[in-house]
Each structure stands twice: as C-alpha cells, then as structure tokens.
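Step one of this worksheet: look at the structure below.
All chains are named by letter (A, B, ...) in the order of the sequence lines, taking the proteins before the strands, and each is independently numbered beginning at 1. As the structure is a prediction and not an experimental result, all values here were calculated from the model. Just so you know, these numbers use all the heavy atoms, side chains as well, and skip hydrogens, waters and symmetry mates.
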Protein chains: 2
Amino acid sequence: MTSAAPPSRAHRPVEGRPGCSIEQALQLVGDRWSMLILRDTFRGLRRFDQIRRDLGIPKAVLSERLRKLVDAGILERRRYQEHPPRDEYRLTRMGRELSPILVALMHWGDRWLQESGPPTVLVHEPCGTDVHLGFHCATCGVDFGPLEIASRPGPGALR
Amino acid sequence: MTSAAPPSRAHRPVEGRPGCSIEQALQLVGDRWSMLILRDTFRGLRRFDQIRRDLGIPKAVLSERLRKLVDAGILERRRYQEHPPRDEYRLTRMGRELSPILVALMHWGDRWLQESGPPTVLVHEPCGTDVHLGFHCATCGVDFGPLEIASRPGPGALR
DNA sequence: CAAGTCGGTTCGGCGATCGAACCGACCGGA
DNA sequence: TCCGGTCGGTTCGATCGCCGAACCGACTTG
C-alpha cells in the first residue's frame, strides 16, 4: 500500500484490471487470426474456403477459430443449402459492433504504416464523406483527443 | 463495410490484401501481449518491472516486445536516471494515437463481456460526460453505425 | 559485507501452430 | 459408371514461439 504512484497522473485514458474489458476482449479476438477473420466477414466473405484462401490460414486453425467465435456469439453459423449441407458464418450484432475496432486499426495503419496513402477508404454511404471515427462529446459538441480523457471506477468495479 | 457485393460483383470492393492497413497494424500490435503492454503505458506504467508484474508476462517476452514497439516507433525509450542506468518506455505520438483502438476494445468488452457493468468508465474531462467513440459525419451532422459505411479503393491502392 | 532492486539474457520444456495428407458428401462431365 | 473437382472439415508429425526458472551485472540500502 505504500507504493507511491508515479508522478501524479490526472489523466489515464485507459484503465483496467483485473476484469479489464480490454483484457477480456483480447481473450476473444486478440490472437493472431481472429481479427483478420472478422475483417474478412466484414468484407462479405462468409464461407470457410473463401476465408481460408484469402488468409492462407491452416484449415485446422480456421476451424477452431470459427468455432470459438461462434461460441462467443460473435459469428453465427447458418445453413444456406441442404445438399450438400453447407454453412456460412455471419456476423451477429455482437460481431458487427466490433467495427469501430477494425476501423480504428485501419485508420491507424493508414496513417502510420502506409507510405503511399490508404489502400482503401471508408465513406459514409448516404453522403460520400470520408468516415471519421473519433471521440465526440454530445454535451460540449466538440471532437477531442485522448489527452482530454479521464477515467473513473465504474459500476462493475469491485474491490 | 456494407458494400458486401451482391452476387454479380467481379472485382473486390475492399482490397484486403496484402497491403491492408488492418493487417499491417496487427503485425505490430496484434500479438497476445502488445496491446496489454500499451494499455499499461496508457495507464501510466512506464518501467520494465512495473509492466512485467502487472501482466505476469515472461521477462524475455516483455523484453522482445518492448524492443519491437520501440523499433516500430510506438514507444520511446528514455533514460531517466544515470546511476544505475534506468530507462523508461513512453508512448510516442504514434503510440498515443492507438487510443481509439484501446477505447473501442474497452467499450465493446464493457458492453458484451461484463455482466455487472463497466469496471472503468472514461469521461470527457472538461465536462464529465461519458466518452463516446463513434462514427460521426461532419457533413450530415449525424452519428451512424457500420451499416452506413461503404468502402472504396484509396490512393494507396495498387494494381 | 549481504541482501535487494532493476532490467535484462539464456536455457530446456512444452503447447500452439504449421503444412500436408486424408476424408465423406456431393456435383458435373464423359 | 468412373473421374475429377469442391466444400468443409479432421488428423498427424514437425517446428516455432512462449513459458517459467535460473542466472547476470550494475547499483543501492542496511
């Protein structure tokens, strides 16, 4: 208890443990392949072999990951033909709500990792404007950055 | 993301490979530990042993990950004392801009993985409002979801 | 001088991942 | 009927990367 925290930190944009949501989320989608599988499902790929060929992932690994994502409720397996029996994997609502994570990864990669500009741009379909993902405060009516974020214990905080 | 090609699309709506920004980003921060290391640095942890103890990560792995993150420009290593020589790891601008990803992961985990509510909440410091991360269209002036997103080839698209 | 801290590296074991092979159900063509 | 191909897997042996434990040097504190 004597541990003096490092120089007074007022802002800690992201905080957690041990039930940290980031940690929990990463246990589901934090491995090498899951995010890429999900990216593919967002792109409209739904079938085993489509995804396998696109990613070059070993079949056993894909099989296991899909099972894991279905068990978690992120994907659902839906039969689309009876003879021969064929299933496809579709995003559930839970899965679709991962989109900000994918978009954030994409924007960050575009900005910092691509030398010749974004390979793909996302647009707001109704108007064609480039998609902007950011912190927006409804109260203040402004966009803001990570330095204006503070954290507090929430209702799920134990201890 | 909705541009999920009805049957008759010959070309790929999203160029997912191999220059895909999501893939590139995941090569840097998509392994089991990197995101957690970064979460800790956002929380204000800067030193090797602090992070190691917090995560329970093997030292060899932490050492290698920190090197990788420093090489990538996400963290910087800064000497903060000479005798004995001690370094700390700090987020660069590139690193700080990962915050939307962490926040998105956190929000998703809060919503779908926590039964008793978020362990931590983030607020917009100036006004105390809960942080909202989302798609906002400056042109239309509205928030929107993934179903209103379409994708197009960008300036970095080859082929 | 001994014990402890900090930031590592080295090492042997082991579990996850890899590619290749195999499989059953089905389809289309010759 | 036989042949080849597709689809969605499972099984298997080899290999890769992660694991915890031990060790290390530079330094501080008691």
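- Cluster membership check: A/L28 shares its hydrophobic cluster with A/L62, using side-chain heavy-atom separations under 4.5 Å among Ile, Leu, Val, Met, Phe, Trp and Tyr.
- For A/R86, the listed nucleotide lying nearest its side chain is C/dA25; candidates were D/dT28, C/dT17, C/dA25.
- If you measure from atom CG of A/L36 to atom P of C/dT17, you get 14 Å, rounded to the nearest angstrom.
- Rounded to whole angstrom, the span from the CD atom of B/E82 across to the P atom of C/dG7 amounts to 14 Å.
- Looking only at side-chain heavy atoms (C-beta outward), A/L66 and A/R77 stay at 4.5 Å or farther from each other.
- Between B/D71 and B/K68 there is no salt bridge, since no side-chain nitrogen of the basic residue lies less than 4.0 Å from a carboxylate oxygen of the acidic one.
- At C/dG8, one or more side-chain N or O atoms of B/R77 fall inside 4.0 Å of OP1 or OP2 (strictly under the cut-off).
- Ion pairing between a basic and an acidic side chain is recognised when a charged N comes within 4.0 Å of a carboxylate O; B/R47 and B/D87 show no such pairing.
- For B/R32 and D/dC16, the CZ to P distance is 21 Å, given to the nearest whole Å.
- Rounded to an integer number of Å, the gap from CZ of A/R52 to C1' of D/dG8 is 10 Å.
- One finds a side-chain N or O of A/W33 lying less than 4.0 angstrom from the OP1 or OP2 phosphate oxygen of C/dC18.
- Listed in residue order, the members of residues 56-72 of chain B having a heavy atom less than 4.0 Å from DNA chain C are B/K59, B/A60, B/S63, B/R67.
- Note: CD (B/Q81) to C1' (C/dC6) measures 9 Å, nearest angstrom.
- For A/L45 and D/dC7, the CG to C1' distance is 15 Å, given to the nearest whole Å.
- A salt bridge is absent between B/E88 and B/R86; no separation between the charged side-chain nitrogens and carboxylate oxygens falls under 4.0 Å.
- Atom pair B/Q50:CD and C/dT5:P shows a separation of 14 Å (rounding to whole Å applied).
- Note on A/V123: it does not cluster hydrophobically with B/I22, by side-chain heavy-atom contacts below 4.5 Å among ILVMFWY residues.
- Residue-to-nucleotide proximity on DNA chain C shows that, of B/Y80 and A/D31, the 5′-proximal contact is made by B/Y80.
- The closest side-chain heavy-atom distance from B/E23 to A/R39 is below 4.5 Å.
- The interatomic distance linking B/R47 (CZ) with D/dC27 (C1') rounds to 13 Å, in whole Å.
- Here the nucleotide nearest the side chain of A/D49, chosen from C/dG8, D/dC7, D/dC18, is D/dC7.
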